[in-house]
**Q** 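Below is the structure I would like to discuss, written out as structure tokens.
Within every chain, numbering begins at 1; the chains are lettered A, B, ... in the order of the sequence lines, protein sequences first and strands thereafter.
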Amino acid sequence: MVEIHTRFSPSPTGYLHVGGARTAMFNWLFARRHGGTFILRIEDTDVARSTEEATQAILDGLGWLGIDWDEGPYFQSQRLEIYQSYIDRLVSEGKAYYCSCAPEELDARRKAAMAEGRKPKYDGACRNRDIEKGPDTVVRFRAPEHGTTVVHDLVKGATVFENAELDDLIIQRSDGMPTYNFAVVIDDISMEITHVIRGDDHLNNTPRQILLYEALGCPVPEFAHVPMILGADRSRLSKRHGATSVLAYKEMGYLPQAMLNYLARLGWSHGDQEIFSREELIEKFSLENVGKSAGIFNPDKLLWLNAHYIKEEDPNKLAQLVLPFLEQQGIKVEDVSYLARAIPTLQPRSKTLVEMAGGMPFYFKDELEYEEKAIQKFFTPDIKGIMQQILEELKGLPFFRREDMEAAFERFCAEKDIKFKKIAQPLRLILTGKTVSPGLFELMEVLGPERVVKRLERGIKYLASMA
RNA sequence: GGUCCCAUCGUCUAGUGGCCUAGGACAUCGGCCUCUCACGCCGAAAACACGGGUUCGAGUCCCGUUGGGAUCACCA
């Protein structure tokens, strides 16, 4: 049995977007699932648009998602001799020919054809002119004019194309660079790709590529065209639909597991299961369960998954991940283990790392500024006395465990005949400066007696100044 | 416009001719829990695009219509 080879072949003209990430992931999962080889290949034959920054951005994006490759990255720009040898072979065998039609002229003919409602395909002007190679000539593939080409697709089934619909595509530009359709085929042949998994926007290219395989006498790989990802308005996903760069989600505080899980479930399913670990994905992924129709990118569901994975993640790992976000707020953490102890109090209430970091400042600042509106609402005249008593109560506690405090407060409230509800918000304001926070007992446990006492004393002083 | 693909709740989907009174999840709405905000739990509303066939029986098969998408480059 032949070992499975898949590949992800982005063109380095921009960042890694979610659609690309998903096709990369499908290829990766399929290879991992079957113990095959996953290859990364950079399609940079479009010299004008390809950049090194984009290449790096794509590598970074894959790295963040944890999609690793076994071979590459290969660069098409470094494989020019290979393409050239195949082109020479095709030309010498009469299966390709030089063409000297001017681009502007072709463009004009194409537009005219479109305007008249005819097929805008190459008219074969240079097909039999036996033109010699020149400075402005391109190489065209001599495609069959009759018959049909069938694409057997693992997700779409069989699709029949009339060869008459296809035209003689350019396989080498006048500057010597191969074109996409040709370079892909040559690379997939030489890298022994067995399964081509890509977006279904390539389905129409496939018959041309199959013709090339046949002309070269090479076996045709399996194809799997996965549906595209659309925006909320059903048009192709783009910036105006929100963030589309995978790394933008990293910056917004998303976890890679969430992105991976979300992207996998968009267009693929395994019964009713929604949550998949990386290992489960590898174990359960199959092309048969990839759907046929396009899917709409749903940020809400991604956010929900992110919240889920934040709840699940190990606090120590989250501490490391949240560090840069805290720094963005000007908070420098000296004691990471203290941070790690604070993390669990925010886990169930944070959908992103950004949100988590946003709920943490009070853990690191003693000089808190109380919310203006809350002062008026909760710092009522009777509060000062109560807070003084609470301070004494807390000072008397041998341990600062949440259960002890909870018990102490229960006793205290019963003795003084006051509802805990009445003192919760003022106390929260004194300890966190805000009206929204993790539970008081868990938060005090993390803060520890020293900070709590200090803040209470400061709060009482503030209350005294109000009178 | 030609060609190609697609079509189950708002969204992602389960469903492979009888298990469908169409299931799950996100979002929405209501309730419970509660020291705030969340989490969690319970519940509600919400779909087989339409029209013809085939069949004892169709969300499931076929055809058409409609709608959406892709593609027609010396881009990939």
**Q** Over all strands shown, is A:Gly295 touching base, sugar-phosphate only, or nothing at heavy-atom distances under 4.0 angstrom?
**A**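 Sugar-phosphate, backbone atoms only, no base.
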**Q** Look at the side-chain N and O atoms of A:Lys301 and state whether any lies under 4.0 Å from the OP1 or OP2 oxygen of B:U13.
**A**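 Indeed not, no polar side-chain atom of A:Lys301 lies that close.
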**Q** Return the residues of residues 231-240 of chain A meeting this criterion: a heavy atom under 4.0 Å from some atom of RNA chain B. Order them by number, or give none.
**A**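 Of all residues in residues 231-240 of chain A, the ones placing a heavy atom under 4.0 Å from RNA chain B are A:Arg234, A:Arg236.
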**Q** Taking only the side-chain heavy atoms of A:Thr179 (C-beta and beyond), determine which of B:C39, B:U13, B:C74 contains the nearest atom.
**A**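 So the nucleotide nearest the side chain must be B:C74.
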**Q** Does A:Arg127 pair with A:Glu145 as a salt bridge, N-O distance under 4.0 Å?
**A**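 So A:Arg127 pairs with A:Glu145 through a salt bridge.
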**Q** What is the nucleic acid contact for A:Thr435, judged by heavy atoms within less than 4.0 Å: base, sugar-phosphate only, or nothing?
**A**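 Base contact.
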**Q** NA contact type, A:Ser174, heavy-atom cut-off 4.0 Å: base, sugar-phosphate, or nothing?
**A**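 Base, at least one base heavy atom under 4.0 Å.
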**Q** Please compare A:Thr137 and A:Val160 by the position of their nearest nucleotide in RNA chain B and report the one closer to 5'.
**A**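 So the residue in question is A:Val160.
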**Q** Where the side chain of A:Gln425 is defined as all heavy atoms beyond and including C-beta, which of B:G24, B:C6, B:U36 is the nearest nucleotide?
**A**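 The nucleotide sitting nearest to the side chain is B:U36.
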**Q** Using a cut-off of 4.0 Å on non-hydrogen atoms, how would the nucleic acid contact of A:Lys419 be classed: base, sugar-phosphate, or nothing?
**A**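 Result for A:Lys419 = nothing.
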**Q** Between A:Arg341 and A:Glu445, does any side-chain N to carboxylate O distance fall below 4.0 Å?
**A**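 Between A:Glu445 and A:Arg341 there is no salt bridge, as every charged N stays at least 4.0 Å from the carboxylate O atoms.
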**Q** At 4.0 Å (heavy atoms only), tell me whether A:Pro10 reaches a base, stays on the sugar-phosphate, or touches nothing.
**A**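 Answer is nothing: A:Pro10 stays at 4.0 Å or more from every strand.
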**Q** Does A:Asn306 reach a base, just sugar-phosphate, or nothing at all? Heavy atoms under 4.0 Å.
**A**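 Answer is nothing: A:Asn306 stays at 4.0 Å or more from every strand.
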**Q** Students often get this wrong, so: under 4.0 angstrom with heavy atoms, is A:Gly267 touching a base, only sugar-phosphate, or nothing?
**A**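 Here A:Gly267 touches the backbone only, sparing every base.
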**Q** For A:Asn205, which contact category applies under a 4.0 Å heavy-atom criterion: base, sugar-phosphate, or nothing?
**A**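 Base, at least one base atom sits under 4.0 Å.
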**Q** By the 4.0 Å heavy-atom rule, please label A:Ser437 as base, sugar-phosphate, or nothing.
**A**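 Contact class for A:Ser437: base.
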**Q** Under 4.0 Å, counting only non-hydrogen atoms across every strand here, what does A:Glu274 touch: a base, just sugar-phosphate, or nothing?
**A**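 Counting heavy atoms under 4.0 Å across all strands, the contact made by A:Glu274 includes a base.
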**Q** Measure the distance from CD1 on A:Ile58 to P on B:A76 and round it to the nearest whole Å.
**A**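 Nearest whole value for this atom pair: 14 Å.
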**Q** For B:C39, measure the glycosidic angle (O4'-C1'-N9-C4 for a purine, O4'-C1'-N1-C2 for a pyrimidine) and name it syn if it falls within 90° of 0, otherwise anti.
**A**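 B:C39: syn.
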**Q** Between B:A70, B:U13, B:C74, which one does the side chain of A:Leu106 approach most closely?
**A**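 The answer is B:C74.
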**Q** Residues in side-chain contact (heavy atoms from CB on, under 4.5 Å) with A:Ala108, at least two apart?
**A**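 None.
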**Q** Hey, is the side chain of A:Lys311 poking within less than 4.0 Å of OP1 or OP2 on B:A38, counting only N and O atoms?
**A**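 For A:Lys311, the contact criterion (side-chain N or O under 4.0 Å from OP1 or OP2 of B:A38) is not met.
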**Q** When we call it a touch if two heavy atoms are under 4.0 Å apart, what does A:His202 touch: a base, just sugar-phosphate, or nothing?
**A**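 Touches a base.
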**Q** The side chain of A:Arg428 lies closest to which of these nucleotides: B:C35, B:U13, B:U71?
**A**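 So the side chain of A:Arg428 is nearest to B:C35.
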**Q** Can A:Arg208 and A:Asp167 be counted as an ion pair, charged N to O under 4.0 angstrom?
**A**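 Judged by the 4.0 Å cut-off on N to carboxylate O distance, A:Arg208 and A:Asp167 do form a salt bridge.
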**Q** Measure from the side-chain N and O atoms of A:Lys121 to the backbone N and O of A:Leu166, and report whether any donor-acceptor pair falls under 3.5 Å.
**A**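 Yes, the answer is positive, given that a donor and an acceptor are paired below the 3.5 Å cut-off.
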**Q** Are the side chains of A:Leu169 and A:Tyr122 in contact, using a 4.5 Å heavy-atom criterion?
**A**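 A side-chain contact under 4.5 Å is absent here.
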**Q** Looking across every strand, which nucleic acid part, if any, lies under 4.0 Å from A:Ile296 by heavy atom: base, sugar-phosphate, or nothing?
**A**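 A:Ile296: backbone/sugar contact only, no base atoms under 4.0 Å.
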**Q** Is any side-chain nitrogen or oxygen of A:Ser293 closer than 4.0 Å to OP1 or OP2 of B:G68?
**A**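 No, because none of the side-chain N or O atoms of A:Ser293 sits under 4.0 Å from OP1 or OP2 of B:G68.
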**Q** Mind checking if A:Phe441 touches a base, just sugar-phosphate, or nothing, with heavy atoms under 4.0 Å?
**A**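 Answer is base: heavy atoms of A:Phe441 come under 4.0 Å of a base.
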**Q** With RNA chain B as reference, determine whether A:Arg208 or A:Arg22 sits nearer its 5' end, using the nearest nucleotide of each.
**A**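 Upstream on the strand: A:Arg22.
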**Q** Given B:C26, B:U36, B:A76, identify the nucleotide with an atom nearest to the side chain of A:Arg49.
**A**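 The listed nucleotide nearest to A:Arg49's side chain is B:A76.
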**Q** Could you check, using the six-membered ring where one of them is a Trp, whether A:Phe420 and A:Phe441 have ring centers closer than 6.0 angstrom?
**A**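 Yes, ring centres under 6.0 Å apart.
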**Q** Under 4.0 Å, heavy atoms only, any strand: does A:Thr45 hit a base, just the sugar-phosphate, or nothing?
**A**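 Answer is sugar-phosphate: A:Thr45 comes under 4.0 Å of backbone atoms only.
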**Q** Under 4.0 Å: is that the gap between some side-chain N or O of A:Lys292 and OP1 or OP2 of B:C6?
**A**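 Affirmative; the distance criterion is met.
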**Q** What pairs of donor and acceptor atoms, side-chain ones from residues 178-191 of chain A against any protein atom, are under 3.5 angstrom apart with sequence neighbours left out?
**A**
from: A:Thr179; atom 1: OG1; to: A:Ile170; atom 2: O; distance (Å): 2.7
from: A:Tyr180; atom 1: OH; to: A:His202; atom 2: ND1; distance (Å): 3.0
from: A:Asn181; atom 1: OD1; to: A:Gln209; atom 2: NE2; distance (Å): 2.8
from: A:Asp187; atom 1: OD1; to: A:Arg79; atom 2: NE; distance (Å): 2.7
from: A:Asp187; atom 1: OD1; to: A:Arg79; atom 2: NH2; distance (Å): 2.9
from: A:Asp187; atom 1: OD1; to: A:Tyr83; atom 2: OH; distance (Å): 3.0
from: A:Asp187; atom 1: OD2; to: A:Gln76; atom 2: NE2; distance (Å): 2.7
from: A:Asp187; atom 1: OD2; to: A:Tyr83; atom 2: OH; distance (Å): 2.8
from: A:Asp188; atom 1: OD1; to: A:Arg7; atom 2: NE; distance (Å): 3.1
from: A:Asp188; atom 1: OD1; to: A:Arg41; atom 2: NH1; distance (Å): 2.8
from: A:Asp188; atom 1: OD1; to: A:Arg41; atom 2: NH2; distance (Å): 3.1
from: A:Asp188; atom 1: OD2; to: A:Arg7; atom 2: NH2; distance (Å): 2.8
from: A:Ser190; atom 1: OG; to: A:Arg79; atom 2: NH2; distance (Å): 2.8
from: A:Ser190; atom 1: OG; to: A:Ile186; atom 2: O; distance (Å): 3.3
from: A:Ser190; atom 1: OG; to: A:Asp187; atom 2: O; distance (Å): 3.3

**Q** Side chains of A:Lys284 and A:Gln273: is there a donor and an acceptor less than 3.5 Å apart?
**A**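 Looking only at side-chain atoms, A:Gln273 and A:Lys284 do form a donor-acceptor pair, the distance falling under 3.5 Å.
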